> 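Dropping a structure here in structure tokens format, bear with me for questions.
If you're wondering where the values come from, they're calculated on a predicted model, not measured in any experiment. Protein chains get the first letters and strands the later ones, always in sequence-line order, with residue 1 at the start of each.
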Number of protein chains: 2
Amino acid sequence: MTPPDLVVTDIDVPKRPRGRPRKTVDERDDGNRRHELLKVAAQLFRRKGFAATTTRDIAAAAGMQSGSPFYHFKSKDALLFAVMEEGMHTALANQHAALSQPGYAEQPPAAQLAALVHTHFAGLLGPGNDFVPVMLYEWRSLNSRQRKLLAQLIADYEALWMPVLEALHTQGQLKAPVKLARLLMLGALNWSVQWFDAKKGASVEELGDAAMALFLKES
Amino acid sequence: MTPPDLVVTDIDVPKRPRGRPRKTVDERDDGNRRHELLKVAAQLFRRKGFAATTTRDIAAAAGMQSGSPFYHFKSKDALLFAVMEEGMHTALANQHAALSQPGYAEQPPAAQLAALVHTHFAGLLGPGNDFVPVMLYEWRSLNSRQRKLLAQLIADYEALWMPVLEALHTQGQLKAPVKLARLLMLGALNWSVQWFDAKKGASVEELGDAAMALFLKES
DNA sequence: CCTACCGATCGGTAGG
DNA sequence: CCTACCGATCGGTAGG
């Protein structure tokens, strides 16, 4: 199923450099391999769920031996958290990029919302974007400390939507109470992870247009 | 955490009747205990997820010994499927009941949709309704045969919405393409499982009203 | 990062 | 339904 990426990048590097990479508090950061682990973990967590994925699955998908993921992450839990954190950081960065597009502030609120919606869909449904779906669907598997840390990022993310929704509400283009509207709208978007299929049906763009048509009244 | 229900009902029945209960193909059906297992399993699957819930957890929550759930269900998988099946049967029955309310057929499509939405929310968010949430969030854990069986029930459920949505589209009260509208709307509703809190914020009724206000244009 | 391994847990079963 | 149990698997670690 998953393409066996394996040792390809190591083919002409028979021995890795012997120098021990520096280590941070509880996780190493020698880039390549660590991020490879994050990527395959995100894939597996998404497809099979966190509890049903073994650290051996992850190691094998990254072309490692069963004990090796613990060189990069101190526990399976820490791996999950790192996946989610990367997902939220990317999502936040994407939205900030959309919001700082030149001329964005001058656009009507409906166009601003369209930008948020399209960016959200793209980050959620684009190829290889397993990080955010994992964060949406494995919330339960976090301990309360991890949950609190991520809740802050999520709050930041949702805060970006509020001024736009309030402007739309004031203009009469959004009739539902703003906070409930935000919850329902993000729910509609997030649920798409369950049914969206890039290979058939609507495209990400058509989805965004449909969502806008569904949510907004004519101005 | 979970109230230790334990032996209460057995206090003055020192020995259970010796007659062996009839058995169906792969599951017994002596009602009480079997359904008790379904109920606690639904609770646990919802709170911790299927893979993270052990059959020992379930047995303990039902006041049984670790091996006893297998007297009622031939596998943990079969238990999950039974939970989901019950969830879908209840949901379907609820919607059919709403649709056969006297005078329903004569109501305008907006009112018909409101009935569907309110029934859906009630079945999803009402107290003790863990069956449907499990079915929404543990889809991955099913094998393909089970998946196919449930997909049929889901298709039946979604089919109930289509005529109403098409009528609304014709009237101009629903602007998005009908199929995408259905997916997005049900997503908005289903996602509420993640954030709805009966003890604070909006009530189930207010939620339904907000959803209607969000989705529909004025007629 | 690999090798070799441990302790704990888990789904499931035989036999009553 | 309980008792007693098995085989397999799993997260994690010591030592290199």
> Nearest to the side chain of S75(A) - dG12(D), dG12(C), dC10(D)?
dG12(D)
> What is the distance, to the nearest angstrom, from the NZ atom on K74(B) to the P atom on dT13(C)?
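For the pair K74(B) NZ and dT13(C) P, the rounded distance is 10 Å.
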> So which nucleotide from dT13(C), dC2(D), dG11(D) ends up closest to the side chain of R56(A)?
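Ranking dT13(C), dC2(D), dG11(D) by closest atom to the R56(A) side chain puts dG11(D) first.
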> Please pick, from dT3(C), dG12(D), dG11(C), the nucleotide with the shortest atom-to-atom distance to any side-chain atom of Q65(A).
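Comparing dT3(C), dG12(D), dG11(C) against the side chain of Q65(A), the answer is dT3(C).
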> Between dT13(D) atom P and F73(A) atom CZ, what is the distance in whole Å?
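The distance from CZ of F73(A) to P of dT13(D) comes to 15 Å, rounded to the nearest Å.
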> Do the charged groups of R147(B) and E138(B) touch, with an N to O distance under 4.0 Å?
no
> In whole Å, what is the span from the CG atom of L80(A) to the P atom of dG11(D)?
13 Å
> Nearest-Å distance, CE (M64(A)) to P (dC2(C))?
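Whole-Å distance recorded here is 7 Å.
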> Nearest-Å distance, NZ (K76(B)) to C1' (dG11(C))?
8 Å
> More than 12 heavy atoms of other residues, nucleotides or ligands under 6.0 Å from NZ of K48(B): is that the case?
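Yes, the 6.0 Å shell around NZ holds more than 12 heavy atoms from other groups.
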> Applying side-chain hydrogen bond (donor to acceptor under 3.5 Å, both in side chains), name anything that partners R56(A), two or more places apart in sequence or on another chain.
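Testing R56(A) for side-chain hydrogen bond (donor to acceptor under 3.5 Å, both in side chains), a comparison that skips the adjacent residues, returns none.
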> Establish, from distance only, whether the side-chain atoms of N32(B) and E36(B) form a donor-acceptor pair under 3.5 Å.
no
> Of the nucleotides dG11(C), dC1(D), dC2(C), which one has an atom closest to the side chain of S68(A)?
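From the listed options, dC2(C) comes nearest.
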> Between H72(B) (NE2) and dG12(C) (C1'), how many Å, whole number?
15 Å
> Closest approach to the side chain of Y71(B), judged atom by atom: which nucleotide of dC2(D), dC1(C), dC1(D) is it?
dC1(D)
> Nearest to the side chain of T54(B) - dC1(C), dT13(D), dC10(C)?
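Closest nucleotide among those given: dC10(C).
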> Is there a side-chain contact between F215(B) and L168(B), using heavy atoms and a 4.5 Å cut-off?
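Counting from C-beta outward, F215(B) and L168(B) never come under 4.5 Å.
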> How about Y157(B) and H120(B): are their ring centroids closer than 6.0 Å?
yes
> Under 6.0 Å between ring centres: does that hold for W139(A) and F81(A)?
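Here the rings of F81(A) and W139(A) have centres that are no less than 6.0 Å from each other.
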> Need the bend value for the helix from dC1(C)-dG16(D) to dG16(C)-dC1(D): angle between end axes, 5 pairs each end, nearest 10°.
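Computed from the C1' atoms at both ends, the axes differ by 10°.
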> In whole angstrom, give the distance that lies between atom CD1 of I58(B) and atom P of dC10(C).
11 Å
> Output the single nucleotide from dC1(C), dC2(D), dG11(D) whose closest atom is nearest the side chain of T55(A).
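Closest nucleotide among those given: dG11(D).
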> Let me know the distance between CZ of F50(B) and P of dG11(C), rounded to the nearest Å.
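Nearest whole value for this atom pair: 8 Å.
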